[in-house]
Amino acid sequence: MSIPKLAAAVIILCLISASPVLGNTLPPIKIAAIFAKSGEAAEDNLELFESVRFAVDQFNSSGGLHGRMVRLLEYDNHSTPIQSKLAAKQAVKDGAVAVIGASWSSHSLAIAPYLQKMKIPMISPDSTHPDVTKVGDFIFRACFNDIFQGKALASFASNQLKASSAVIIQNINSDYSLGLSSSFTQFFQEHGGRIAATLNYKSNQTDFTTQLNHVRQLAPDVLFVPGHSESGFVVRQAQNLGIRSIMLGGDGWPYKQFYANGGQDLHEGYYSAHWYKTLDNPESVAFVNQYNAVYDVTEFTATAYDAAMLLFTAIRKADSSDSLAIRDALAQTRDFPGVTGKITFDKNGDPQKQVVMMKITEGRPNLFSLVFPESK
């Protein structure tokens with residue numbers, strides 16, 4: 001190989017390795033990040049890639065694992081379950097020993113069975129569908145699941161909002177939306193509440209006039225919209241139609257596109273969240289100060305950062321890049337001091353942690369209250 005070609009090869013190697021150490025000949029630890037860079041989820045998922053990169057840089061700058069650096073392999077799942085599974089297969093082929101991702105529950109449900117089969121640990125930052133971690137013992141998440149989230153939302157609606165009736169508008173193409181809808185329904189009814197109707201829409205829909213005219217006729221105390229960015233269209237159009245129901249959402253709301261689609265016009269509403277920048281635990285304060293110097297901090301940058309740091313802490317605890325050893329170390333996580341609160345994994349790979357309830361006032365969110373898991 002000629003000198004110019006050799007120099008070019010070295011430059012390329014450095015570019016694809018996160019925070020490389022000059023002269024370090026130890027093999028890197030390959031970690032995959034599977035999120036969307038194109039398609040419907042791309043706008044939301046960009047910040048997850050950024051947060052994982054930030055965590056990788058911190059791990060590497062602190063010496064990695066005995067001088068072994070993490071090489072982050074990024075894969076675009078094109079916002080579909082099929083492409084998510086293909087990305088997981090490529091990550092395993094490329095030698096990834098663990099996967100951070102995916103984000104949307106439908107994407108995580110597509111990759112989890114394959115990664116379980118291949119015995120590659122996976123940790124999702126924000127896939128909340130209960131079935132994700134039920135796939136097997138190699139599957140984890142850094143966020144609470146929809147069973148607890150739905151229970152927290154139902155309790156909040158009944159006890160704090162004093163709601164006795166609700167209408168749900170759900171995305172029938174979204175495992176996340178259907179799962180959270182089901183959980184909320186169960187626990188709201190257990191609190192004595194009545195679900196007046198459950199109305200459906202499809203992905204990429206932007207006009208909700210038909211569903212909202214029905215809501216207006218029913219006049220429920222609460223309009224529950226367990227969606228993602230499209231929920232912004234729903235709440236804006238609901239207000240424009242004069243619907244007075246209290247708007248309530250889940251953790252799919254607090255994305256930039258939700259506000260751009262109409263959330264910024266919401267006079268009053270509530271949603272469940274994993275974290276907010278005003279939380280005053282030491283890890284959260286440090287994260288906000290450090291992260292804001294590089295990227296814009298959001299709720300899901302925090303869950304993605306926690307997912308990555310849970311994984312890197314497990315790698316150090318295992319003192320190994322072996323996938324099985326990493327899985328075992330993850331499963332033993334107790335009281336991990338995360339940005340989003342203390343995290344302990346249960347037997348299913350679900351974290352026992354707090355839920356943050358947020359209030360939107362004139363398009364601006366603020367922390368409203370905290371809900372903690374019930375004692376077993």
Side-chain angles (χ1 to χ4, degrees), residues 47-48 50-59 61-62 100 103 123-128 133 140-149 151-153 155-156 160 249-256 270-317 329-346 348-361 364-376:
E47 62 194 31
L48 304 182
E50 292 173 343
S51 185
V52 174
R53 293 169 196 156
F54 181 81
V56 167
D57 285 342
Q58 283 196 335
F59 179 81
S61 65
S62 64
I100 301 171
S103 174
I123 180 165
S124 170
D126 55 348
S127 291
T128 54
T133 53
F140 301 83
R141 65 177 122 221
C143 58
F144 48 71
N145 69 27
D146 284 332
I147 293 176
F148 180 65
Q149 181 177 198
K151 190 171 187 176
L153 283 163
S155 175
F156 178 78
Q160 296 194 45
D251 65 312
W253 276 22
Y255 286 102
K256 294 177 183 177
Y270 301 85
Y271 65 89
S272 52
H274 303 270
W275 176 80
Y276 193 62
K277 60 186 178 182
T278 58
L279 280 177
D280 60 1
N281 70 65
E283 293 75 20
S284 179
V285 172
F287 173 72
V288 170
N289 291 335
Q290 295 166 9
Y291 196 83
N292 269 337
V294 184
Y295 301 111
D296 293 329
V297 66
T298 70
E299 176 184 353
F300 293 109
T301 59
T303 58
Y305 180 81
D306 273 354
M309 296 310 292
L310 281 161
L311 175 59
F312 299 152
T313 299
I315 289 173
R316 284 191 170 134
K317 182 179 178 181
L330 273 173
Q332 295 165 12
T333 298
R334 298 292 182 273
D335 292 325
F336 172 81
V339 171
T340 60
K342 286 188 177 181
I343 296 173
T344 295
F345 282 127
D346 66 12
N348 297 318
D350 290 323
Q352 303 303 292
K353 61 187 297 188
Q354 65 194 17
V355 171
V356 176
M357 293 305 305
M358 300 291 296
K359 180 178 182 179
I360 297 176
T361 305
R364 295 180 177 275
N366 281 291
L367 193 154
F368 188 75
S369 65
L370 298 178
V371 178
F372 293 87
E374 297 178 352
S375 300
K376 300 294 184 183

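Remember, it's a predicted structure, so these values are computed and weren't measured experimentally. Below, each value reflects all heavy atoms present in this structure, side chains not excepted, and no hydrogens, waters or symmetry copies. All residue numbers in this chain count up from 1 along the given sequence.
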Test item: side-chain donor near acceptor, T133 and N348, under 3.5 Å: no

Considering all heavy atoms of both residues, which atom of P254 and which atom of F300 are nearest to each other, and what is their separation? CG-CE1, 3.8 Å

Could you check whether any side-chain N or O of S51 sits under 3.5 Å from a backbone N or O of E47, counting only pairs where one atom can act as donor and the other as acceptor? no

Measuring only between side-chain heavy atoms, which start at C-beta, is I147 closer than 4.5 Å to K151? no

Are the side chains of Q354 and V371 in contact, using a 4.5 Å heavy-atom criterion? no

In terms of heavy-atom contacts, I100 and A307 come closest through CG2-CB, 4.3 Å

Can D251 and S272 be counted as having a side-chain donor-acceptor contact under 3.5 angstrom? no

Exercise: do S127 and R141 side chains pair donor with acceptor under 3.5 Å: no

Can you name the residues that form a side chain to side chain contact (heavy atoms under 4.5 Å, CB included) with D296, not counting sequence neighbours? K256

Value for CD (Q352) from NZ (K342), rounded to nearest 0.5 Å, stands at 14.5 Å

Are M357 and Q160 side-chain neighbours, meaning at least one heavy-atom pair lies under 4.5 Å? no

Using a 4.5 Å cut-off on heavy atoms from C-beta on, say whether the side chain of D350 contacts that of F144. no

Checking the side chain of T344 only, and the main-chain atoms of D335 only, is there a donor and an acceptor separated by less than 3.5 Å? yes

Derivation of the side chain to side chain contact (heavy atoms under 4.5 Å, CB included) call for F312 and V56: CA-CA 9 Å; F312 299 152; V56 167; 3.7 Å; yes

Any side-chain heavy-atom pair from Y255 and T298 closer than 4.5 angstrom? no

Shortest non-hydrogen contact from V339 to A302? CG1-CB, 3.9 Å

Write down the atom of I343, the atom of P351, and the distance for their closest heavy-atom approach. CG2-CB, 3.5 Å

Side chains of residues 282-289: which donor-acceptor partners sit under 3.5 Å, not counting sequence neighbours?
unit_1 : atom_1 : unit_2 : atom_2 : d
S284   : OG     : W275   : NE1    : 2.8
S284   : OG     : L279   : O      : 3.4
N289   : ND2    : V285   : O      : 3.3

Give a yes or no answer on whether the side chain of Y276 reaches the backbone of P365 with a donor-acceptor pair at less than 3.5 Å. yes

Keeping to residues at least two apart or across chains, list the side-chain hydrogen bond (donor to acceptor under 3.5 Å, both in side chains) pairs with something in residues 300-316. Q58-Y305, S62-R316, D306-T340

Under the rule for side chain to side chain contact (heavy atoms under 4.5 Å, CB included), what residues qualify as partners of A273, not counting sequence neighbours? Y271, E299, V356, M358

Intermediate values then yes/no, side chain to side chain contact (heavy atoms under 4.5 Å, CB included), Y291 and E50: CA-CA 10 Å; Y291 196 83; E50 292 173 343; 3.7 Å; yes

Closest non-hydrogen contact found for N281 with G341 is ND2-N, 4.3 Å

Could you tell me if D126 and S103 have a donor-acceptor pair between their side chains, going purely by distance under 3.5 Å? yes

Can you list the residues that meet the ring pair (Phe, Tyr, Trp, His ring centres under 6.0 Å) rule with Y270, with sequence neighbours excluded? F156, F368

Should I123 and L310 count as side-chain neighbours, where that means a heavy-atom distance under 4.5 Å? yes

Contacts of T361 meeting side chain to side chain contact (heavy atoms under 4.5 Å, CB included) (sequence neighbours excluded), chain-then-number -> K359

